[in-house]
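Please read these numbers as outputs of a predicted model, since none were measured by experiment. Residues take their numbers from the sequence shown, with the count starting at 1.
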Amino acid sequence: MPRLSTAALFARAYERNLRALTKATLGNSRRIAGQVQRATAKRLKPPPGRGDWLSGMAIGPGGARGYHLFRPADLKLQPGERLPLMVMLHGCGQTGRDFAASTRMNALAARERFLVLYPEQDRLAHPQGCWNWYERRSGKADAEAATLMAAVDQACMLYPADRSRVALAGLSAGASMAALLATRYPLRFRAVVMHSGVAPGAASSSATALGAMRGRNVPPMPSTAVGKAMGAAAVFATLPPMLVLHGDADTVVAPSNAVNSAAVWATALGAKPGLAREVRRGKRRPMRVTSFKRKGRTLVTLCEVEGLGHSWSGGAPKLLFSDPEGPDATRMSWAFAAAQFKAQIAA
C-alpha cells in the first residue's frame, strides 16, 4: 500500500477538522435557534389569568412600542359601560409578560373587573429593557413618555377603558417612568404607584441616574423647585395621589429614594405627614406606613417594607424581582387606585 504524502495527510486532517467544525457549528446553531424559539414562545404565551392577552403596537415621538392588554374573560358590559384601566410598567430585565406573571395583577383584574395595559420597552431603545426615565436633557425620556401616552390612548380607543379612571404602577425603572408620566400628563391619571423607584427630579441624564439610584442626588424640596425638577407643566394640585412602596433591604435603588419620593410629591400637593405606624398582615413582612394628608384626604402614602430587596412585594414565588413574603403590593396598588376613583366621583 503506497504511503500518503505529507500534503495528503494534511488535507485529510483538514477535512476531518472541517467536518467536525461544521457539525459543531450546526449543533450550536440548532441549539441557539431552539433557545430563541422557546424564548419567543414564552414571550407570546399568555400569563396566568382567565381572560384575553391582546397584542398591540403604539407609535409616538419615541418610536414604536409594543404592548399587551389583559381583558378579563366573560365580561358582560352594560350599554356604554367602560372599565378602569391600570397601566403597568415593568422594570429592567423584564417583559410585560414577566411583570404580569410576577404581580398577578391579571387575576385581581378578573375579580375586580378592570383592564390592565402592559407596555413593553424595545431592546433597541435600551439593551436591558429599562425605560429611559432619566434622559431628560436629551429629550429621550419625554419622547418615550409621549409614546407611552400614545399606547394608553390607543387602548382607550380600541377597548372599553374609561379615560377618567386610569392609574399607573411601575417597578424600578418602570416606577420612575410612571412618576415622569404623571408629571408630564397629570390630568390623565388618577393615581400613581412607585415601587422601588428613584425620586422624581433626582436625575436628568445617565450619569446622574447612577448617583440617584444610590441615593446621592436629593431633589430640591421647596414646592417651586419641585415643579421645576419634575418638569410638571400644570398646577401642583393637579398631580395625582401617589403610593410609594420600597424595601429597606434594596441594594439596587437606595431606600432613601422612597422617603424623597413621598416628600417631593407631598410638598408639591401641599400634604403634611402624619405619624408613622407599623402594619403587619399574617406572616408577611412588616411595613412602616406614613400618610400625607391635605384637608383630611390622604394624597401620598409611603410604605417601607422591612427586609424586602429590589422585588415586587408579595409577588409570585420563584420569579426574578418578585418576593412572595412581602405585603401584597398588587392588592395595595389597586385599593389605592380604586379609592382615588371613588374620591373623584364624590368630588
As a quick check of understanding, evaluate side-chain contact (heavy atoms from CB on, under 4.5 Å) for Met287 and Met332, giving each step before the final call.
CA-CA 12 Å; Met287 59 182 174; Met332 293 168 64; 3.7 Å; yes
Evaluate the criterion salt bridge (charged side-chain N to carboxylate O under 4.0 Å, His left out) for residue pair Asp248 and Arg288; output intermediate values, then yes/no.
CA-CA 10 Å; Asp248 66 7; Arg288 181 182 172 89; over 6 Å; no
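- Residues Leu115 and Pro84 fail the side-chain proximity criterion, which asks for heavy atoms closer than 4.5 Å.
- Within the 3.5 Å criterion, the main-chain N or O of Ala100 finds no donor-acceptor partner in the side chain of His90.
- Using a cut-off of 4.0 Å between Lys/Arg side-chain N and Asp/Glu carboxylate O, Glu112 and Arg331 are scored as not salt-bridged.
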Could you go step by step and tell me if Leu245 and Ser196 meet the side-chain contact (heavy atoms from CB on, under 4.5 Å) rule?
CA-CA 6 Å; Leu245 297 119; Ser196 308; over 6 Å; no
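- With respect to the salt-bridge test (charged N to carboxylate O, under 4.0 angstrom), the residues Arg163 and Asp153 qualify.
- Contact of the Met105 side chain with the Phe70 side chain is not registered, since no non-hydrogen atoms from C-beta on lie closer than 4.5 Å.
- With contacts defined as side-chain heavy-atom distances shorter than 4.5 Å, the pair Gln94/Leu320 does not qualify.
- Between the side chains of Asp98 and Tyr118, no donor N or O sits under 3.5 Å from an acceptor N or O.
- Under the side-chain contact (heavy atoms from CB on, under 4.5 Å) test applied with Leu108, the options Val116, Thr330, Thr103 reduce to a single match, Thr330.
- Other residues, nucleotides and ligands contribute only 12 or fewer heavy atoms inside 6.0 Å of the CG atom of Leu275.
- With a 4.5 Å cut-off on side-chain heavy atoms, Arg297 and Pro241 count as touching.
- Residues Met157 and Leu148 share a hydrophobic cluster, clusters being chains of Ile/Leu/Val/Met/Phe/Trp/Tyr side chains in contact below 4.5 Å.
- When atom types are taken as modelled, the side chain of Asp250 and the backbone of Val252 share a donor-acceptor pair closer than 3.5 angstrom.
- Ring orientation note: the planes of Phe321 and His310 are nearly perpendicular, at an angle over 60° on the 30°/60° scale.
- Inter-residue side-chain proximity for Met88 and Leu171 is flagged as unmet; no heavy-atom pair is nearer than 4.5 Å.
- Formation of a donor-acceptor pair under 3.5 Å by the Arg136 side chain with backbone atoms of Gly201 is not found in this model.
- Without hydrogens or angle criteria, Arg190 side chain to Ser164 main chain gives a donor-acceptor distance under 3.5 Å.
- Residue Asn106 holds its CG atom at 13.0 Å from CZ of Arg71, rounded to the nearest 0.5 Å.
- Counting heavy atoms from C-beta outward, Cys156 and Leu85 have side chains that approach closer than 4.5 Å.
- Here the side chain of Ser313 pairs a donor or acceptor atom with the backbone of Pro327 at under 3.5 angstrom.
- Residue pairs meeting the salt bridge (charged side-chain N to carboxylate O under 4.0 Å, His left out) criterion with at least one partner in residues 58-70, sequence neighbours excluded, are Arg65-Glu144.
- In this structure the side chain of Pro240 reaches within 4.5 angstrom of the side chain of Trp265, judged on heavy atoms.
- Looking at Val152 and Leu181, their side chains never come closer than 4.5 Å, going by heavy atoms from C-beta outward.
- In summary, of the residues considered (Trp312, Trp131, Tyr67), a ring-ring contact (aromatic ring centres under 6.0 Å, His included) with Phe99 occurs for Trp312 alone.
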Which atom pairs, one a donor and one an acceptor, fall under 3.5 Å between side chains of residues 276-283 and the rest of the protein, sequence neighbours left out?
{"unit_1": "Arg277", "atom_1": "NH1", "unit_2": "Ser291", "atom_2": "OG", "d": "3.4"}
{"unit_1": "Arg280", "atom_1": "NE", "unit_2": "Arg284", "atom_2": "O", "d": "3.0"}

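- Residues Arg82 and Asp162 are not paired through a salt bridge, judged by the lack of any N-O separation under 4.0 Å between the basic side chain and the carboxylate.
- Ala316 and Ser322 make their closest contact through O-OG, 2.6 Å (heavy atoms, listed as atom of the first residue, atom of the second, distance).
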